[in-house]
Amino acid sequence: LSQRNPNWANLHLLPSKLTVGRYGCTTTCISMLSDYFKCYGSPAHVIDKNIKYTVDGLVIWASINFPNFKFESRTFSFNAPMIDRAINDPNRAVILNVGNKSHWVVALRKVPFTKLYWILDPWDGKVKLSSAYSTIDGAAHFIRTKF
């Protein structure tokens, strides 16, 4: 998925005036996770039904509401062991805060013997290496609730 898809790019992260196309990387990542956890909601559905935002357009993490998974925790630094455990557990998922805290991407798997990850980037919907961004600055962790 790409946050710039015309089906949802111009939708607002209410109550803010920010749009999914410009600022909806987190929303699009969470939409991708909904597919992984088998309860898919498009970014349009997610902003309407599954997430609440601050007046600045930031996700209110505790508001994330899906039938098959929930937000578990957020870290504000790079914690490789915690990220690695999440991506190696089929009942967990993690999104990474990258690029000096400016963007969120879905972590797919670690590149062996490195500090790099294969990521799914909501900006363009492409799989790439985390080295495309200067830093990994934190992570948000999710856990399956329905098996």
Side-chain angles (χ1 to χ4, degrees), residues 1-110 117-146:
L1 296 177
S2 170
Q3 66 193 74
R4 298 183 298 163
N5 182 312
N7 290 323
W8 46 74
N10 293 319
L11 297 177
H12 291 270
L13 307 173
L14 297 173
S16 80
K17 297 196 185 305
L18 302 178
T19 63
V20 173
R22 293 283 312 264
Y23 299 97
C25 54
T26 313
T27 299
T28 306
C29 285
I30 293 168
S31 174
M32 291 179 205
L33 294 186
S34 74
D35 187 46
Y36 174 75
F37 287 115
K38 303 195 182 336
C39 57
Y40 176 70
S42 71
H45 185 268
V46 168
I47 64 171
D48 187 43
K49 305 276 188 210
N50 303 100
I51 299 179
K52 291 182 175 36
Y53 302 89
T54 68
V55 293
D56 297 322
L58 300 174
V59 167
I60 299 172
W61 296 98
S63 76
I64 297 171
N65 180 26
F66 283 88
N68 292 3
F69 72 102
K70 68 178 183 174
F71 168 72
E72 185 177 43
S73 66
R74 179 168 176 208
T75 58
F76 294 91
S77 61
F78 177 63
N79 184 329
M82 196 171 183
I83 293 167
D84 296 350
R85 278 193 301 274
I87 61 176
N88 290 319
D89 183 339
N91 295 312
R92 296 183 180 277
V94 63
I95 61 175
L96 304 176
N97 192 212
V98 297
N100 293 313
K101 301 179 184 172
S102 65
H103 190 50
W104 288 91
V105 297
V106 176
L108 298 174
R109 64 187 175 279
K110 188 169 186 169
Y117 295 87
W118 286 105
I119 60 169
L120 186 51
D121 192 338
W123 181 250
D124 55 15
K126 294 183 178 178
V127 172
K128 55 184 79 164
L129 283 171
S130 57
S131 58
Y133 294 95
S134 56
T135 58
I136 297 174
D137 306 300
H141 297 263
F142 300 83
I143 187 166
R144 184 182 313 275
T145 57
K146 189 174 184 181

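None of the values given here were measured: they were computed from a predicted structure.
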Any sub-3.5 Å donor-acceptor pair from [X]'s side-chain atoms to [Y]'s backbone N or O?
X	Y	answer
T19	L11	no
T27	P43	no
S2	W123	yes
D137	K101	yes
T75	G138	no
D56	L58	no
N68	K38	yes
S16	V55	no

- Atom of Y36, atom of R144 and distance for their closest heavy-atom approach: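 Shortest heavy-atom contact: CE2-NH2, 4.3 Å.
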- Heavy-atom closest contact (P67 atom, T145 atom, distance):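 Closest approach of P67 to T145, heavy atoms only: O-OG1, 3.4 Å.
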- Message: Please determine whether side chain to side chain donor-acceptor pair (under 3.5 Å) holds for the pair Y117 and D84, giving the CA-CA distance in whole Å, both sets of side-chain angles, and the decisive distance to 0.1 Å.
- Response: CA-CA 9 Å; Y117 295 87; D84 296 350; 2.6 Å; yes
How many angstroms lie between atom [atom1] of [X] and atom [atom2] of [Y], to the nearest 0.5 angstrom?
X	Y	atom1	atom2	value
N79	I136	CG	CD1	11.0 Å
R92	L33	CZ	CG	13.5 Å
F66	C39	CZ	SG	6.0 Å
Q3	M32	CD	CE	8.0 Å

- Indicate yes or no: at least one non-hydrogen side-chain atom of I47 is less than 4.5 angstrom from one of V20.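 Result yes, sub-4.5 Å side-chain heavy-atom pair found.
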- Message: With a 4.5 Å cut-off on side-chain heavy atoms, are Y53 and I60 touching?
- Response: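 No, their side chains stay 4.5 Å or more apart.
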- Task: Using the six-membered ring wherever Trp is involved, compare the ring planes of F142 and W61 and label them parallel, tilted or perpendicular (cut-offs 30° and 60°).
- Result: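 Tilted: the ring planes of F142 and W61 meet at 30° to 60°.
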- Task: If the plane angle is over 60° it's perpendicular, under 30° parallel, otherwise tilted; pick one for H103 and Y133.
- Result: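 Geometry flag for Y133 against H103: tilted rings.
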- Pairing of D121 and K128 as salt bridge, 4.0 angstrom limit: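 Yes, D121 and K128 are salt-bridged.
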- Going through the distances and angles, do L96 and I119 end up as a side chain to side chain contact (heavy atoms under 4.5 Å, CB included)? CA-CA 9 Å; L96 304 176; I119 60 169; 4.2 Å; yes
